[in-house]
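Following: one structure in structure tokens, then a few remarks.
For the single chain, residues carry numbers from 1 onward in sequence order.
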Amino acid sequence: MTTLSERVSQSAFDGSRLRVILLLDLYDGAQNEFLEAYEHMRNQVASTPGHISDQLCQSIENPSQWLITSEWESAPPFLAWVNSEEHVATVQPLHNCVRDTRSLRFSVLRETGVGFENPPEAARGRLQAAPRLGDGIVRHALTFTVKPGTEEMVAKILADYDSPQARVDENTRLRRTSLFMHGNRVVRAVEIEGDLMAALRHVSRQPEVRAVEEAINPYLEQDRDLSDPDSARMFFTRAALPTVHHVTAGRHAAADVQRHALFYQAKEGCGMALAQLLAGQDEEAAEDAASPVESSTIFSRDDVVVRLLEVNGPLDAHPAQAIGIGDDRKAAVLDRLLESGPSGLPTNDREAARFLARAEMDLITDRRSTES
């Protein structure tokens, strides 16, 4: 008998305050240049909606190690800023000073200390209500576009490669990689145990992966040179498609579900609102014993939203649930948030099925690791 998993829910939309920690290792002699770049960055982020405060700290043991912490009213305004072109331009001067970085994001669950009984108005964001139940897996995605007309060639290249070694180190390994296309857009979703950045660096160094990346370079809409650290950093910064929500219902065994991905193009400035709408609907579906959706992972950046689903049975058996709309009100909101709403509001199963057929991405490859 197959054992089913527990309910898992991880979300950027619970409204709790966010603490962001950025660990930096500077090049020798770069401290003054770094401080100038930091002052510029600090002044820029101070005016960003949702930002509360930040601190710059230097290690008392190793002067090349620095720490930037910032506090935000909630995760969505931070994610909107960190994934923007404005952020890319703001942090560009830091690249000449920093040897290595690591970014960590935490919601605030408890706090103590002087002043917390009566915090300033700007710091009165909600605390996380309760610890989240995770499953030990980090989910992330990358997205980029290729030149129109080259989709078939790119799909063949991406489908035909040797999987890299799954084991990164004693604490980190690749579990699964799924690659989808929607028109000329490519989305690569990865599941990792352990350290995400260590895994991404490991993958980027593997000869199998480097050969594929080099093969698709001529077809990319945005030029890149992965042999140039600055060019590679800029490309992967822009390609990042972070997870903003994940829920697993725990009703179906892994062998009984199939993986699908849906693509949503939001109106300008509406990407986070669209992701939040879909996240709320997926939380409701996870409580519905009749829902065929076993799990949903929502990735969002700017106005691009991708919803990765594990579904029991055919995807189009329950098209409204597959799309992420539970009633007419949510369907109306979805229609307002989508760029040029497909062919009007999906008000019945037939219209929902047509909507679903346009939104579904083509699965190019889906590979699980068999290494322990």
Side-chain angles (χ1 to χ4, degrees), residues 1-11 132-142 155 158-168 171-182 186-194 196 199 203 208 241 243 245-263 278-279 281-299 306-324 326 349 352-353 356-357 359-372:
M1 181 172 115
T2 304
T3 302
L4 302 184
S5 61
E6 292 185 272
R7 166 79 180 269
V8 172
S9 180
Q10 301 162 242
S11 183
R132 302 184 185 97
L133 178 64
D135 55 6
I137 298 174
V138 180
R139 297 169 174 87
H140 189 66
L142 297 170
L158 293 173
D160 186 21
Y161 74 98
D162 295 327
S163 298
Q165 182 181 348
R167 177 65 62 181
V168 178
N171 298 315
T172 301
R173 73 181 183 102
L174 306 175
R175 284 179 52 101
R176 189 172 185 177
T177 301
S178 303
L179 200 143
F180 297 87
M181 291 186 69
H182 188 270
V186 178
V187 172
R188 178 186 288 126
V190 296
E191 294 179 2
I192 292 161
E193 286 181 11
L196 173 63
V203 170
E208 306 92 338
L241 191 63
T243 303
H245 187 84
H246 173 79
V247 61
T248 297
R251 289 190 297 265
H252 305 288
D256 297 332
V257 298
Q258 291 187 325
R259 174 161 285 193
H260 305 269
L262 301 180
F263 176 79
L278 295 171
Q281 177 58 36
D282 286 341
E283 285 290 333
E284 292 181 16
E287 297 286 353
D288 181 2
S291 173
V293 178
E294 167 60 17
S295 75
S296 165
T297 305
I298 298 173
F299 305 97
V306 173
R307 190 159 153 264
L308 187 66
L309 301 175
E310 300 279 356
V311 180
N312 178 249
L315 182 66
D316 57 2
H318 304 276
Q321 287 181 318
I323 293 169
D349 278 351
L356 181 63
E360 186 172 9
M361 305 185 74
D362 296 322
L363 177 62
I364 305 302
T365 182
D366 183 27
R367 303 189 183 191
R368 299 172 184 263
S369 168
T370 58
E371 297 179 31
S372 59

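No side-chain donor-acceptor contact under 3.5 Å links N171 to the backbone of G194. R176 places no side-chain N or O within donor-acceptor distance of the main-chain N or O of A189, the cut-off being under 3.5 Å. For Q258 (side chain) and P314 (main-chain N/O), no donor-acceptor pair under 3.5 Å exists by modelled atom type. At distances below 3.5 Å, not a single donor-acceptor pair connects side-chain atoms of E310 with backbone N or O atoms of S296. Listed for the R367 side chain is no donor-acceptor partner under 3.5 Å among the backbone atoms of L179. Between the side chain of R251 and the main chain of D288, a donor-acceptor pair closer than 3.5 Å is present.
The shortest distance between side-chain heavy atoms of V311 and V257 does not fall below 4.5 Å. Between H260 and L363 there is no side-chain heavy-atom pair separated by less than 4.5 Å. Side-chain contact check for V306 versus M361: some heavy-atom pair is nearer than 4.5 Å. The shortest distance between side-chain heavy atoms of R307 and L262 falls below 4.5 Å.
In the displayed structure, E208 atom CD is contacted under 6.0 Å by more than 12 heavy atoms of other residues, nucleotides or ligands. At most 12 heavy atoms of other shown residues, nucleotides or ligands fall within 6.0 angstrom of atom CG in D160.
The only option from D135, I298, I137 that meets the side-chain contact (heavy atoms from CB on, under 4.5 Å) definition with H246 turns out to be D135.
Between the CG atom of L315 and the CG atom of L356 there is a distance of 4.5 Å, given to the nearest 0.5 Å. Going from atom CZ of R173 over to atom CD of E191 covers 11.0 Å, rounded to the nearest 0.5 Å. Summarising the geometry, atom CG belonging to D362 is positioned 12.5 Å from atom CZ belonging to F263; distances are rounded to the nearest 0.5 Å. Here L158 contributes atom CG and T365 contributes atom OG1; the two are 9.0 Å apart, rounded to the nearest 0.5 Å. Residue R139 holds its CZ atom at 7.5 Å from OG1 of T243, rounded to the nearest 0.5 Å.
Of all the heavy atoms in Q321 and P292, the pair that sits closest is OE1-CD, 3.1 Å. Closest heavy-atom contact between A249 and V293: CB-O, 4.3 Å. Scanning all heavy atoms of the two residues, the minimum distance from V168 to A199 falls at CG2-CA, 4.0 Å. The two residues H182 and A359 come nearest to each other via the heavy atoms CD2-O, 3.7 Å. Smallest separation of non-hydrogen atoms from L241 and V187: CD2-CG1, 4.2 Å. In terms of heavy atoms, R132 sits closest to S9 at CB-O, 3.8 Å.
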Would I192 and T172 count as a side-chain contact (heavy atoms from CB on, under 4.5 Å) if you check the C-alpha gap in whole Å, the side-chain angles of each, and the deciding distance to 0.1 Å? CA-CA 7 Å; I192 292 161; T172 301; 4.0 Å; yes

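Residues satisfying the side-chain hydrogen bond (donor to acceptor under 3.5 Å, both in side chains) test with S178, not counting sequence neighbours, are R259, D366. Applying the side-chain hydrogen bond (donor to acceptor under 3.5 Å, both in side chains) criterion to Q10, with sequence neighbours excluded, gives no partner residue.
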